[in-house]
**Q** 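After the structure tokens below, expect a handful of questions from me.
Order of the sequence lines fixes the chain letters, A, B, ..., with proteins taken first and strands second; residue numbering starts at 1 for each chain.
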Number of protein chains: 2
Amino acid sequence: MTDGPVRQASLREHNLGLVLRQAANAMRPPSRADIAAATSLTRATVSALVDDLIAGGLLTEVGPAPRAGAGRPAAGLVLSASGPAGLGLEINVDYLAACVVDLAGAVRHRDVRHADQRPGHPDQVLAEVAELAADARAHAEREGLAVAGAALAVPGLVTAHGVVRLAPNLGWRDVDVPTGLAALDGLPVTVDNEANLAALGELHAGPAGPASFLYVSGEIGIGAGIVLHGALFRGARGWSGELGHVAVRPDGPACSCGARGCLEQYAGQEAILRAAAAGGIDDLRARATAGDPGVLAALAAAGAALGVAVAGVVNLLDVEAVVLGGIYAPLAPWLRPAVVAEIHRRVLTDAWSPVDVRPSVLGADAAVVGAAGSVVRAIRDNPTKWLTRIIP
Amino acid sequence: MTDGPVRQASLREHNLGLVLRQAANAMRPPSRADIAAATSLTRATVSALVDDLIAGGLLTEVGPAPRAGAGRPAAGLVLSASGPAGLGLEINVDYLAACVVDLAGAVRHRDVRHADQRPGHPDQVLAEVAELAADARAHAEREGLAVAGAALAVPGLVTAHGVVRLAPNLGWRDVDVPTGLAALDGLPVTVDNEANLAALGELHAGPAGPASFLYVSGEIGIGAGIVLHGALFRGARGWSGELGHVAVRPDGPACSCGARGCLEQYAGQEAILRAAAAGGIDDLRARATAGDPGVLAALAAAGAALGVAVAGVVNLLDVEAVVLGGIYAPLAPWLRPAVVAEIHRRVLTDAWSPVDVRPSVLGADAAVVGAAGSVVRAIRDNPTKWLTRIIP
DNA sequence: GGCAAATAATTCAACCGTTGAACAAATCAG
DNA sequence: CTGATTTGTTCAACGGTTGAATTATTTGCC
């Protein structure tokens with residue numbers, strides 16, 4: 001709202017980003033002329049901008065594609081696969097993960113270490129994350145990728161400065177991640193909620209997904225990432241998305257948060273496993289596939305509770321889609337019908353503007369991939385920062 | 001996200017708006033030098049921009065304020081009170097209203113006609129609105145105000161093109177307002193949901209209110225206007241804010257929408273009056289003031305239901321404030337405690353980032369004033385459009 | 001094979017808006 | 001009255017985009 005002034009340089013900044021995004025989002029590698037036509041900039045301007053982007057290592061020319069008809073062949077422009085890359089990190093209850101995504105969005109490296117993180121002290125966990133990060137970085141550099149930054153996904157509430165205010169299922173409280181991760185010599189690290197980064201991952205996964213959706217992350221807790229008009233919404237103070245503590249029945253069972261009837265008590269991982277008398281998600285899935293009536297009933301009940309909460313969100317925010325992530329992704333075949341039914345029943349505008357309910361396409365990797373992607377997205381959206389970092 | 005290109009002219013466009021907003025939001029009439037300092041533009045640039053804005057009738061100079069210390073006295077700049085004005089219109093169940101707001105945000109004219117609008121045909125109602133609008137416009141012109149545009153508030157779902165898709169309490173369905181209001185010879189008219197415009201009214205009412213809040217409009221139905229980061233959020237397709245049909249108890253009483261346990265069944269006007277056995281809001285308020293236990297219990301119950309729904313919203317969106325509007329404004333003394341209690345109980349982050357729950361400052365006028373304000377805000381945010389309309 | 005048509009990319013003078021410094025205007029303190 | 005101080009304007013310079021002309025490279029046709 002109260003935005004800054006615009007000087008001449010901001011012009012260039014904006015248009016560099018525009019050209020880069022145009023090259024990124026096109027179906028086929030566009031020519032300079034294509035970009036000029038799409039952006040309504042001049043060919044002269046686009047040429048100048050592209051020169052800068054190529055010099056900065058963000059764009060590369062690919063051999064001319066065979067053309068139909070006469071005319072000089074166009075040089076296709078693609079995001080440089082050897083340009084700056086993003087490092088994604090994730091701390092979760094029972095694993096640590098890292099991955100590297102290049103500027104074009106391709107996952108170039110992935111690493112997961114399964115182990116219960118709850119007993120360890122936060123410093124110990126962060127040290128292991130730093131180790132994982134160093135490994136991933138070395139691997140990337142062996143492929144000729146320069147890692148531009150890192151993002152860490154954590155299942156909890158994170159402040160704007162990267163302090164984990166509260167991560168109940170990890171047993172963390174007020175952990176200052178940036179100082180704990182100082183080992184990554186100078187690499188800028190951002191920290192964010194796991195559901196937020198997973199939502200970003202989903203947003204950028206498909207070629208053209210919905211611009212407004214709710215990503216629901218089912219884990220031991222239930223989080224949500226809210227994407228509105230193609231941008232992640234973090235809330236006024238960074239604490240949006242606490243879907244797990246939306247009330248489903250105001251006088252339902254007591255929740256660990258102190259309230260009653262929270263969604264978590266009906267559709268959280270532990271509630272589902274208890275209701276289905278299952279030992280784990282794999283077991284649950286197997287028995288659901290086999291048609292175990294108790295398991296099917298438990299999943300239907302969880303889906304209905306989830307549907308009630310999600311329908312409220314849709315009524316309120318009018319999102320186009322709901323993405324089922326975390327443990328909900330593999331359970332989607334059994335949860336989805338109940339969620340869809342509640343949306344049909346409760347969303348006022350459902351008749352003329354339906355809501356797409358679908359499982360996550362990235363599955364369990366959504367948060368790490370989203371984290372790594374968020375780093376390269378920042379460069380894509382404001383290439384100037386990167387270019388001036390290269391050539392000051 | 002996929003925004004357009006930035007040409008040289010966009011620079012000017014942006015900076016004109018920046019200067020104008022700076023003059024509007026300042027505590028005292030700022031000088032050109034003040035604006036330059038606040039925006040980090042040059043004094044030269046600000047002078048050039050201010051010249052354009054004065055020539056276009058959007059800014060005016062006020063006599064130099066007495067200054068402390070040496071130096072040439074500064075010419076204060078204020079939004080022109082004789083510049084373009086906005087016409088606000090409202091159709092509600094039991095009244096029609098109009099108001100005129102000048103560029104500085106002052107309400108210069110107001111008119112309300114109480115009458116039940118439900119029996120009349122939409123065309124008939126729109127004809128009366130047109131009459132009211134013509135009156136208001138004539139009145140404004142007698143004061144030397146040129147009306148730049150109009151905005152109409154309607155208690156229902158409105159498409160982007162101004163068609164009222166559904167207004168249940170008015171009995172309207174697919175009413176094309178712009179063609180029905182064509183009588184306002186050429187005046188551009190936008191149509192929007194009543195709660196949305198009321199939220200805008202609240203946003204601009206105070207000098208510096210919260211940038212993210214939920215405006216709850218209690219009427220026969222319950223609507224909500226969502227303001228995020230200082231901008232109204234309309235949803236992906238324009239149908240956000242259906243708070244009245246958020247489920248409070250999934251298997252509660254049947255609602256007119258076809259679902260069960262919607263908030264409207266607990267905290268809608270009719271539900272409250274029925275529970276309190278009251279004839280109207282005035283009666284209810286009088287008996288609440290007198291301490292009637294039945295009325296107090298009914299209001300506490302309604303407040304609790306509202307609080308459950310609102311707490312869910314806060315958990316999800318992390319808004320800084322909740323504004324109680326419509327009939328909730330006069331009933332706030334009795335509703336607020338229950339709402340606050342539910343927020344304390346259910347909002348996870350409440351302990352370290354509290355939510356302000358307060359009654360609307362504009363009261364019943366919020367929607368009309370917000371509608372009129374939205375017209376002048378559009379000019380404030382993009383003065384270029386207005387300037388080129390004056391001098392093409 | 002050669003030439004015209006067509007399309008891509010670059011070059012360059014012109015234009016537009018902002019900048020920075022110099023300058024004129026208006027006031028106060030002594 | 002004079003010097004200090006702050007406001008506002010003027011003007012050459014600069015950065016960035018534009019549009020037209022030019023060069024480059026291919027296809028299609030005779």
**Q** Is B/Leu152 close to B/Leu197 at the side-chain level, that is, under 4.5 Å between some pair of heavy atoms?
**A**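 The answer is no; the side chains never approach within 4.5 Å.
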**Q** Provide, to the nearest angstrom, the distance between the CG atom belonging to B/Leu11 and the P atom belonging to D/dT18.
**A**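 Atom CG in B/Leu11 sits about 12 Å away from atom P in D/dT18.
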**Q** When all nucleic acid strands are considered with a 4.0 Å heavy-atom cut-off, which category describes A/Ala48: base, sugar-phosphate, or nothing?
**A** nothing
**Q** Just the rounded figure in Å: distance from P of D/dG8 to CD1 of B/Ile54.
**A**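 My rounded result for the distance is 10 Å.
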**Q** Do B/Leu53 and B/Leu77 have side-chain heavy atoms sitting under 4.5 Å apart?
**A** no
**Q** What is the distance, to the nearest angstrom, from the CD atom on B/Glu13 to the C1' atom on C/dT18?
**A** 16 Å
**Q** Among B/Asp52, B/Thr384, B/Thr45, exactly one meets side chain to side chain donor-acceptor pair (under 3.5 Å) together with B/Arg12. Which residue is that?
**A**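 Of all the options given, the one that passes is B/Asp52.
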**Q** For B/Arg380 and B/Leu103, indicate whether the former's side chain and the latter's backbone hold a donor-acceptor pair under 3.5 Å.
**A**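 Side chain of B/Arg380 to backbone of B/Leu103, a donor-acceptor pair under 3.5 Å: yes, one is there.
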**Q** Considering only heavy atoms, which members of residues 33-44 of chain B lie under 4.0 Å from some atom of DNA chain D?
**A**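 Nucleic-acid contacts, sorted: B/Ala33, B/Arg43, B/Ala44.
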**Q** Could you work out which one of D/dA24, D/dG8, C/dG17 sits closest to the side chain of A/Arg72?
**A**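 It is D/dA24.
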**Q** Taking all non-hydrogen atoms of both residues into account, name the closest pair between A/Val227 and A/Ala199 and its distance.
**A** CG2-CB, 4.0 Å
**Q** For B/Glu61 and D/dT7, give me the distance from atom CD to atom P, rounded to whole Å.
**A** 14 Å
**Q** At less than 4.0 Å, is any side-chain N or O atom of A/Ser47 found next to OP1 or OP2 of C/dT10? Yes or no.
**A** yes
**Q** What is the distance, rounded to the nearest whole Å, between atom CZ of A/Arg32 and atom P of D/dT25?
**A** 13 Å
**Q** May I have the distance from A/His14 (atom NE2) to D/dT17 (atom C1'), rounded to whole angstrom?
**A**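 To the nearest whole Å, that distance equals 14 Å.
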**Q** Between B/Asn15 and C/dG17, is there a side-chain N or O to OP1/OP2 distance below 4.0 Å?
**A** no
**Q** Starting at the 5' end of DNA chain D and moving along, which residue's nearest nucleotide shows up first, A/Gln8 or B/Arg7?
**A**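 Upstream on the strand: A/Gln8.
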**Q** How many angstroms lie between atom CG of B/Leu11 and atom CD of A/Gln8, to the nearest 0.5 angstrom?
**A** 5.5 Å
**Q** Grab the CG-C1' distance between B/Leu49 and D/dG8 for me, whole Å please.
**A** 14 Å
**Q** Whole angstrom is fine here: how far is it from CG in A/Asp52 over to P in C/dT10?
**A** 12 Å
**Q** With rounding to the nearest 0.5 Å, note down the distance linking CG in B/Leu18 to CG in B/Asp381.
**A** 11.0 Å
**Q** Base, sugar-phosphate, or nothing for A/Ser31, non-hydrogen atoms under 4.0 angstrom?
**A** sugar-phosphate
